[in-house]
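Since the structure comes first, as structure tokens, the remarks are kept for the end.
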Number of protein chains: 2
Amino acid sequence: MLITQEKTKNPEDPRVVRTRRLLVDALNELMGEKSFDAITVSEIATRATLNRVTFYAHFQDKYALLEYDLSNRVQSQLQATLDDHPQLSEDSVHALLAFVCSFLENAERHCPPPRGQMQGLMEKLLKQHIYEVLLDELQHHPAYKTKSNKAGSPSVQQTAMVTAWAIYGAAFQWSQQDKRQPVAQFTPEVLPLITANLAPYLEPRTNKAAPQRVAAGRGPSALLGASLRFAFSFS
Amino acid sequence: MLITQEKTKNPEDPRVVRTRRLLVDALNELMGEKSFDAITVSEIATRATLNRVTFYAHFQDKYALLEYDLSNRVQSQLQATLDDHPQLSEDSVHALLAFVCSFLENAERHCPPPRGQMQGLMEKLLKQHIYEVLLDELQHHPAYKTKSNKAGSPSVQQTAMVTAWAIYGAAFQWSQQDKRQPVAQFTPEVLPLITANLAPYLEPRTNKAAPQRVAAGRGPSALLGASLRFAFSFS
DNA sequence: GGTTTTTTGTCGTTTAGTCGACACTTCCTA
DNA sequence: TAGGAAGTGTCGACTAAACGACAAAAAACC
């Protein structure tokens with residue numbers, strides 16, 4: 001469960017929805033201009049055409065806003081990535097991995113250093129949402145009933161957790177390399193290390209030319225705000 | 001004086017400013033999709049992520065909103081057009097005329113028919129703001145004092161009014177033609193008809209290659225909203 | 001023609017956002 | 001190192017926006 005540290009307001013109220021949208025948009029704009037550390041709450045509020053007090057009515061501090069924003073993006077993008085595949089397969093797991101790689105790469109490219117706080121936050125969110133999305137997938141899998149009852153074999157929770165860590169770990173290792181190999185070359189290489197534990201749930205891989213695609217047909221920057229996309233496309 | 005039919009609210013309040021901006025943006029978006037007649041107040045409010053009641057707290061109806069929007073654009077664009085010229089000259093008057101032509105042309109191109117109400121509204125606003133901007137220019141002209149005191153000669157008000165009508169009339173006549181000649185060809189042709197009455201105030205025309213430019217260096221679509229620009233650039 | 005259906009305006013009431021002010025921390029520089 | 005500037009976080013009083021509901025006008029439909 002995600003604790004998005006929001007104050008007690010009716011999250012259905014259009015004013016609340018609009019205000020959060022304005023704050024998120026403002027943050028994204030500013031992130032295209034300077035490092036997250038250098039951004040102040042006052043700046044965010046001003047850019048959002050909102051009062052500073054209103055910011056605090058919604059988020060504890062700028063870190064809570066960043067988490068709220070990143071979490072939403074990661075979640076919806078991961079879900080969209082899986083939605084493009086009819087069921088769990090090597091392809092869909094590969095798509096997840098490619099998505100995480102591109103996410104890390106883009107974060108590095110768009111957000112001016114220092115990225116102190118962001119690093120840990122992204123790790124936390126990515127693992128969390130990969131876990132949730134995988135768990136959901138496994139629990140709705142045809143093989144779920146038979147697997148879950150067999151004593152001694154790993155639970156779906158365990159399987160999802162280990163796989164989530166494996167996916168993030170792989171992507172992280174790749175992102176840390178000095179001279180990275182291309183994503184399209186890297187991901188198929190490590191894929192077996194990830195899918196091994198999923199074997200009971202996996203459809204055999206299709207032969208279509210799908211593997212190279214990143215984030216299931218969406219460009220890597222789909223997960224970034226408009227201004228970041230803008231900054232990116234001209235960098 | 002412009003009667004922008006606004007309800008009694010503090011126009012300085014950031015919430016008010018933001019709300020009006022949202023309404024204007026929503027209207028512009030919708031105008032890129034359908035005719036003004038086909039747009040409802042509910043649609044505008046929904047698109048602006050505002051309650052319908054809030055719309056009525058700011059504008060009497062959709063026509064008041066359109067007037068508010070067009071008026072602001074016409075005014076700022078006209079002002080900017082003149083601001084690019086150091087003082088009143090044939091060039092600046094020519095720029096005004098070219099601006100009005102391009103305004104009429106773009107309105108026709110971007111706004112799906114029928115344009116019943118818009119026609120009259122644009123005429124009213126254009127004439128009004130041309131008058132205001134010209135009057136301001138004449139009153140600050142070095143020759144103002146001597147002219148204004150000479151009995152029997154036209155007042156600056158009279159001069160501004162006649163010139164405003166002449167400029168709009170010329171542009172309108174051009175826009176009504178079945179097969180229009182290019183603006184760059186038309187405007188120099190009629191310019192003498194307009195500047196005749198301004199002779200006492202005018203600097204001689206420069207020889208620079210300025211005449212062709214429209215709206216003082218801005219593209220014609222500078223006066224249109226983002227979505228309209230978008231729709232335009234791909235039409 | 002008459003009858004649904006949609007859109008328009010306008011009410012109170014409730015809730016979110018703004019404002020000014022305050023005490024506090026942090027950082028910078030004289 | 002003292003002190004000024006800038007950022008943070010919170011308070012209570014005021015104002016704008018949301019909501020549901022209503023009647024009445026317009027449009028759409030048969």
Does [N] have OP1 or OP2 under 4.0 Å away from a side-chain N or O of [X]?
| X | N | result |
| --- | --- | --- |
| Tyr56(A) | dG9(D) | yes |
| Arg18(A) | dA18(D) | yes |
| Thr54(B) | dA18(D) | yes |
| His58(A) | dA16(C) | no |
| Asn51(A) | dG17(C) | no |
| Thr19(A) | dA16(C) | no |

Measure from [atom1] on [X] to [atom2] on [N] and round the result to the nearest Å.
| X | N | atom1 | atom2 | value |
| --- | --- | --- | --- | --- |
| Asn10(A) | dA16(C) | CG | P | 6 Å |
| Asp37(B) | dA27(D) | CG | C1' | 14 Å |
| Leu22(B) | dG17(C) | CG | P | 13 Å |
| Leu23(B) | dA16(D) | CG | P | 15 Å |
| Gln60(B) | dT7(C) | CD | C1' | 16 Å |
| Phe55(A) | dT8(D) | CZ | P | 9 Å |
| Ile39(B) | dT7(C) | CD1 | C1' | 15 Å |
| Glu12(A) | dT14(C) | CD | C1' | 16 Å |

Hey, what's the ring geometry for Phe172(A) with Tyr168(A), parallel, tilted or perpendicular (30° and 60° as the breaks)?
parallel
So, are Glu105(B) and Arg109(B) salt-bridged, with charged N and O less than 4.0 Å apart?
yes
On DNA chain C, compare the nucleotides closest to Val53(A) and Arg15(A); which residue's is nearer the 5' end?
Arg15(A)
Do the side chains of Tyr56(B) and Val41(B) get nearer than 4.5 Å, heavy atoms only?
yes
By nearest atom, which of the nucleotides dA21(C), dT18(C), dT8(C) is closest to the Arg52(A) side chain?
dA21(C)
Closest listed nucleotide, where the reference is the side chain of Pro14(A) and the choices are dC19(D), dT8(D), dG9(C):
dC19(D)
Between Lys62(A) and Phe36(A), is there a donor-acceptor pair closer than 3.5 Å when you use the side chain of the first and the backbone of the second?
yes
Residue pair Phe186(B), Gln173(B): steps toward the side chain to side chain contact (heavy atoms under 4.5 Å, CB included) verdict
CA-CA 11 Å; Phe186(B) 164 74; Gln173(B) 191 271 344; 4.0 Å; yes
